[in-house]
Amino acid sequence: MADYLRERIMWPAMRLGRQAWAVYLTLLKVMVPALLVVKALEMLGMTELLGQWLSPLMTPLGLPEPLSVVWAATLMTNIYTGLVIFFDVTRETPLTVAQVTVLGALMAVGHSLPVEGAVARLAGVPWWLTVLLRVGGAWLLGWLLHLSYSLGGWFQHANHVVWKPSAQEATLVAWLQGQAVTLATIFVVILALMTLLKLLHWLGVERLIHKLLYPLLRLLGIGPAGANITVIGMTLGLTFGAGLLLREAHSGRLTPRDIVLTLCFLGLCHSLIEDTLLILLMGADLSGLLWARLGFALAVIALLARLPWLRRAQMPAWMFASRAVTGSHSRSEG
């Protein structure tokens with residue numbers, strides 16, 4: 001009985017724990033330096049400077065220029081910071097629901113750029129493509145929403161916020177404590193996700209997910225092996241999806257094309273639950289935050305998948321080396 005428990009439960013659990021820890025360490029090597037650099041830039045006033053650069057982009061979207069600092073803070077840090085600044089900036093600035101929805105779309109697509117961009121770069125997506133999709137894509141989606149809302153006369157009534165966050169300590173110690181909790185939580189989530197994937201595979205649910213998502217993935221040009229990663233990234237976030245994607249890349253089940261397309265799609269459309277709920281607190285409408293964002297991401301990636309340059313997409317050299325070693329082992333064993 002003891003041998004059975006050891007072989008069937010203990011050893012698989014330990015192996016899964018080691019795999020989760022390896023994925024977590026890979027992410028930490030990117031996230032910790034990125035977080036420190038972002039904090040240093042924020043302390044040097046980079047957020048305000050970025051807001052000045054972005055302010056001319058607000059007028060074509062029908063937004064007051066002061067809102068540029070909200071998007072700048074969101075791009076540099078995260079949606080939570082953007083929310084706090086939004087409630088402060090708009091205290092004396094009346095906005096319509098349409099304006100808040102446009103701003104919310106900017107924040108939903110373009111946020112946490114240094115950290116999430118670094119994670120995507122680790123998996124093979126170049127920085128220029130991340131910036132183009134996350135910043136350029138966010139602005140284009142916002143412009144399309146502004147155009148449709150203006151032409152249709154939709155959501156032009158005054159906005160009313162649902163909730164305002166309480167003031168938080170701005171000290172360096174409080175920031176360090178918050179980041180430590182966040183980083184520790186990421187490992188717990190990665191371990192839980194990898195356990196869930198193993199369970200889904202054992203129960204046969206994984207194959208069902210692949211079949212259900214196959215038409216969508218085929219439209220996007222993504223192979224069936226990217227189904228699990230796509231679902232996790234869309235619901236929980238790009239960081240978790242990219243972390244698991246790195247593991248799949250090591251195994252050789254995902255092609256460089258699948259990796260680039262999956263991460264580009266998740267860059268435009270990830271964390272649909274948490275991010276959407278957060279921005280809804282601003283008073284934004286679900287039409288722009290969820291349905292327009294999802295449709296926009298599908299259209300952009302379907303177009304991107306048909307560009308010839310993607311056929312030459314390559315993963316980082318360290319990932320190819322790992323795959324080569326894996327392949328040589330399998331050939332020697334055969």
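None of these values were measured; they are calculated from a predicted model.
Proximity of a side-chain donor or acceptor of Q156 to a complementary backbone N or O of W154 within less than 3.5 Å is detected. Checking side-chain atoms of W71 against main-chain N and O of G110 turns up a donor-acceptor pair under 3.5 Å. S112 places a side-chain N or O within 3.5 Å of a backbone atom of T77 that can act as its donor or acceptor partner.
Across every non-hydrogen atom of L191 and G17, the tightest pair is CD1-CA, 4.2 Å. In terms of heavy-atom proximity, M107 sits nearest to V70 at SD-CG1, 4.1 Å. In plain terms, the two heavy atoms of W139 and P60 that are nearest each other are CZ2-CB, 3.7 Å. For the residue pair G51 and A72, the shortest heavy atom distance occurs at N-CB, 3.5 Å. For S148 against L145, the heavy-atom pair with the smallest separation is OG-O, 2.9 Å. Residues D275 and H270 share a closest heavy-atom pair of OD2-O, 3.8 Å.
The hydrophobic clustering, which links ILVMFWY residues whose side-chain heavy atoms are closer than 4.5 Å, places V119 and L36 together. No single ILVMFWY cluster, assembled from side-chain heavy atoms under 4.5 Å apart, contains both M43 and L113. Criterion: ILVMFWY side-chain heavy atoms under 4.5 Å apart, direct or through other members. Under it, L303 and L132 are not part of a common hydrophobic cluster. When hydrophobic clusters are built by joining Ile, Leu, Val, Met, Phe, Trp and Tyr residues whose side-chain heavy atoms come closer than 4.5 Å, directly or via intermediates, V181 is not grouped with Y80. Residues W128 and I259 are members of one and the same hydrophobic cluster, defined by side-chain heavy-atom contacts under 4.5 angstrom among Ile, Leu, Val, Met, Phe, Trp and Tyr.
Here the side chains of L106 and M58 are in contact, with some heavy-atom distance below 4.5 Å. When side chains are defined from C-beta on, V97 counts as touching H157, because their heavy atoms get closer than 4.5 Å. Between E65 and L54, the closest side-chain pair of non-hydrogen atoms is not below 4.5 Å. Between L44 and L49 the shortest side-chain heavy-atom distance does not fall below 4.5 Å. Side-chain atoms of L95 and V100, non-hydrogen and from C-beta on, do get closer than 4.5 Å to each other. T59 has its side chain out of reach of L63: every pair of non-hydrogen atoms, C-beta onward, lies at least 4.5 Å apart. At least one side-chain heavy atom of V69 sits under 4.5 Å from a side-chain heavy atom of I85. At a threshold of 4.5 Å between non-hydrogen side-chain atoms, the residues L140 and F296 count as touching.
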**OP:** Take T90 and V161, measure what side chain to side chain contact (heavy atoms under 4.5 Å, CB included) needs, and give me the verdict at the end.
**Re:** CA-CA 10 Å; T90 60; V161 297; 5.7 Å; no

**OP:** Given side chain to side chain contact (heavy atoms under 4.5 Å, CB included), test F265 with L298 step by step and report yes or no.
**Re:** CA-CA 7 Å; F265 177 70; L298 291 173; 3.8 Å; yes

Subject >> T81 vs M76, side chain to side chain contact (heavy atoms under 4.5 Å, CB included): CA-CA, chis, key distance, verdict >> reply: CA-CA 9 Å; T81 304; M76 289 289 292; over 6 Å; no

Original post:
Does the pair V300 and L133 meet the rule for a side chain to side chain contact (heavy atoms under 4.5 Å, CB included), with working shown?
Top reply: CA-CA 9 Å; V300 169; L133 283 175; 3.9 Å; yes

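Atom OG of S68 and atom CG of L57 lie 9.0 Å apart (nearest 0.5 Å). Rounding to the nearest 0.5 angstrom, the gap separating the CG atom in L83 from the OG1 atom in T74 is 7.5 Å. Distance check, rounded to the nearest 0.5 Å: CG of L61 to CD of Q99 gives 10.5 Å. Here the OG-CZ distance, from S150 to F155, works out to 12.5 Å after rounding to the nearest 0.5 Å. L289 CG to L272 CG: the interatomic distance, rounded to the nearest 0.5 Å, is 10.5 Å. Interatomic distance, T262 OG1 to I301 CD1, rounded to the nearest 0.5 Å: 9.5 Å.
For residues 131-148, the set of pairs meeting the salt bridge (charged side-chain N to carboxylate O under 4.0 Å, His left out) definition, not counting sequence neighbours, comprises E116-R134. Here salt bridge (charged side-chain N to carboxylate O under 4.0 Å, His left out) pairs that include residues 172-195, with residues two or more places apart or in two chains, number zero. Here side chain to side chain donor-acceptor pair (under 3.5 Å) pairs that include residues 276-295, with residues two or more places apart or in two chains, are Y149-S287, D285-S287.
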